[in-house]
Amino acid sequence: MYTLHIANKNYSSWSLRPWLVLSAFNIPFEEKIHPFPENGVWDLYRTFSPSGKVPCLQDGELVVWDSLAIIEYLAEQYPEIWPSDKAARAWARCAAAEMHSGFQTLRNNCGMSCGLRIQMPQISPALQKDISRIDELWRQGLHTFGGPFLAGDKFSAVDAFFAPVVFRVQTYQLPLSQTAAGYVRQLLSMPAMKDWYAAALLENWREPAHEQEVLDAGILIADLRS
């Protein structure tokens with residue numbers, strides 16, 4: 001059985017991606033949560049992850065330590081993780097790679113915190129550029145491949161890569177087109193997404209740097225965590 005090392009579900013956008021793939025495709029795995037410590041993660045996370053970061057997947061003696069690499073590794077054994085259609089698969093890989101390496105302003109300005117609701121006083125041009133590009137990608141995928149998921153009628157890896165954005169949209173009430181907003185609702189309704197969200201709300205860990213990052217983005221409207 002696989003072992004997936006992750007951090008706090010409320011905060012860890014990178015951990016969500018492979019966790020969601022494993023859960024949505026009913027792939028057996030053991031989950032190990034390592035809460036973000038206040039004094040940095042390097043020494044703690046290096047005990048199981050070569051990069052000192054999460055997520056990290058263990059398959060026996062084999063270790064895979066990057067979210068995209070983890071999903072590609074899993075897809076070698078579970079091909080249904082990517083769309084079966086060639087065109088949809090190519091588009092999905094491009095969109096997932098763009099998310100994996102880009103949208104830095106969104107990451108920096110809108111840290112993931114599933115349980116908080118923040119009202120942003122304004123959206124900078126740089127942040128709006130990221131939001132607009134994501135909206136464009138979502139509309140393109142839904143229109144081209146028929147939806148309700150980005151690359152067709154079934155959940156695939158590309159949806160997992162944008163799942164943290166969906167939680168950010170919910171937290172910060174980010175403006176989207178009607179089509180993109182419908183996709184947010186679609187992903188939030190998935191059982192695996194509901195499971196992650198429910199677990200995130202039950203966490204009692206509070207890491208000051210992550211908390212402050214989110215509060216710096218705007219006005220706190222609600223804290224739904226226990």
Side-chain angles (χ1 to χ4, degrees), residues 2-36 41 45 48-49 51 53-58 64-75 78 81-82 92 95-104 106-118 130 134 137-138 149-151 155-172 174 183-203 205 207 210-211 213-214 224-225:
Y2 301 113
T3 298
L4 183 68
H5 297 271
I6 63 174
N8 312 57
K9 290 182 177 178
N10 185 58
Y11 302 135
S12 188
S13 59
W14 295 100
S15 297
L16 170 58
R17 294 173 173 123
W19 185 95
L20 190 56
V21 166
L22 287 161
S23 299
F25 286 98
N26 297 312
I27 301 170
F29 74 104
E30 179 185 5
E31 167 192 302
K32 290 192 175 181
I33 297 180
H34 307 269
F36 287 121
V41 302
Y45 287 7
F48 58 84
S49 173
S51 66
K53 298 178 181 180
V54 289
C56 182
L57 184 79
Q58 289 182 317
V64 188
W65 64 87
D66 173 88
S67 59
L68 182 56
I70 291 170
I71 287 175
E72 290 290 16
Y73 177 74
L74 293 171
Y78 299 91
I81 286 173
W82 290 107
E98 185 175 351
M99 182 69 248
H100 186 62
S101 61
F103 304 108
Q104 200 59 51
L106 177 67
R107 299 182 198 277
N108 291 341
N109 292 11
C110 302
M112 189 166 108
S113 182
C114 296
L116 297 187
R117 298 294 181 270
I118 302 292
D130 278 359
I134 288 169
L137 271 172
W138 289 0
F149 296 100
L150 291 181
F155 174 86
S156 70
V158 66
D159 299 293
F161 271 91
F162 284 100
V165 177
V166 166
F167 279 133
R168 285 177 164 98
V169 169
Q170 179 174 252
T171 294
Y172 299 95
L174 300 178
Y183 173 68
V184 168
R185 293 190 294 271
Q186 171 70 27
L187 227 60
L188 288 173
S189 71
M190 287 181 57
M193 284 285 280
K194 288 182 176 180
D195 288 347
W196 177 280
Y197 180 64
L201 295 188
L202 290 174
E203 290 178 344
W205 298 298
E207 196 282 307
H210 284 87
E211 293 291 306
E213 177 187 42
V214 177
L224 305 177
R225 298 171 295 181

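Because the structure is a prediction, the values reported are computed rather than measured.
Counting heavy atoms from C-beta outward, Ser51 and Tyr45 have side chains that stay 4.5 Å or more apart. Residues Ser12 and Phe36 have side chains in contact (heavy-atom distance under 4.5 Å, counting atoms from C-beta outward). Here the side chains of Arg225 and Leu116 are in contact, with some heavy-atom distance below 4.5 Å. Under the 4.5 Å side-chain criterion, counting only non-hydrogen atoms from C-beta, Ile70 is not in contact with Val21. Looking only at side-chain heavy atoms (C-beta outward), Phe48 and Lys32 stay at 4.5 Å or farther from each other. Inter-residue side-chain proximity for Phe25 and Tyr78 is flagged as unmet; no heavy-atom pair is nearer than 4.5 Å.
Looking only at distances, no side-chain donor or acceptor of Ser49 sits under 3.5 Å from a matching main-chain atom of Trp65. Asp159 contributes no side-chain N or O that, together with a main-chain N or O of Phe149, makes up a donor-acceptor pair within less than 3.5 Å.
Ring planes of His210 and Tyr11: parallel class, angle under 30° (limits at 30 and 60°).
Note that CG of Asn10 is 8.0 Å distant from OG1 of Thr171, once rounded to the nearest 0.5 Å. To the nearest 0.5 angstrom, Tyr73 atom OH is 15.0 Å from Asp66 atom CG. For the atom pair CD of Gln186 and CE of Met193, the computed distance is 10.5 Å after rounding to the nearest 0.5 Å. To the nearest 0.5 Å, atoms CG (Leu68) and CZ (Phe161) are separated by 4.5 Å. One finds the CD atom of Glu213 at 9.0 Å from the CG atom of Asn109 (value rounded to the nearest 0.5 Å).
Here the options are His34, Lys53, Glu30, the test is side-chain hydrogen bond (donor to acceptor under 3.5 Å, both in side chains), and the partner is His5; only His34 passes.
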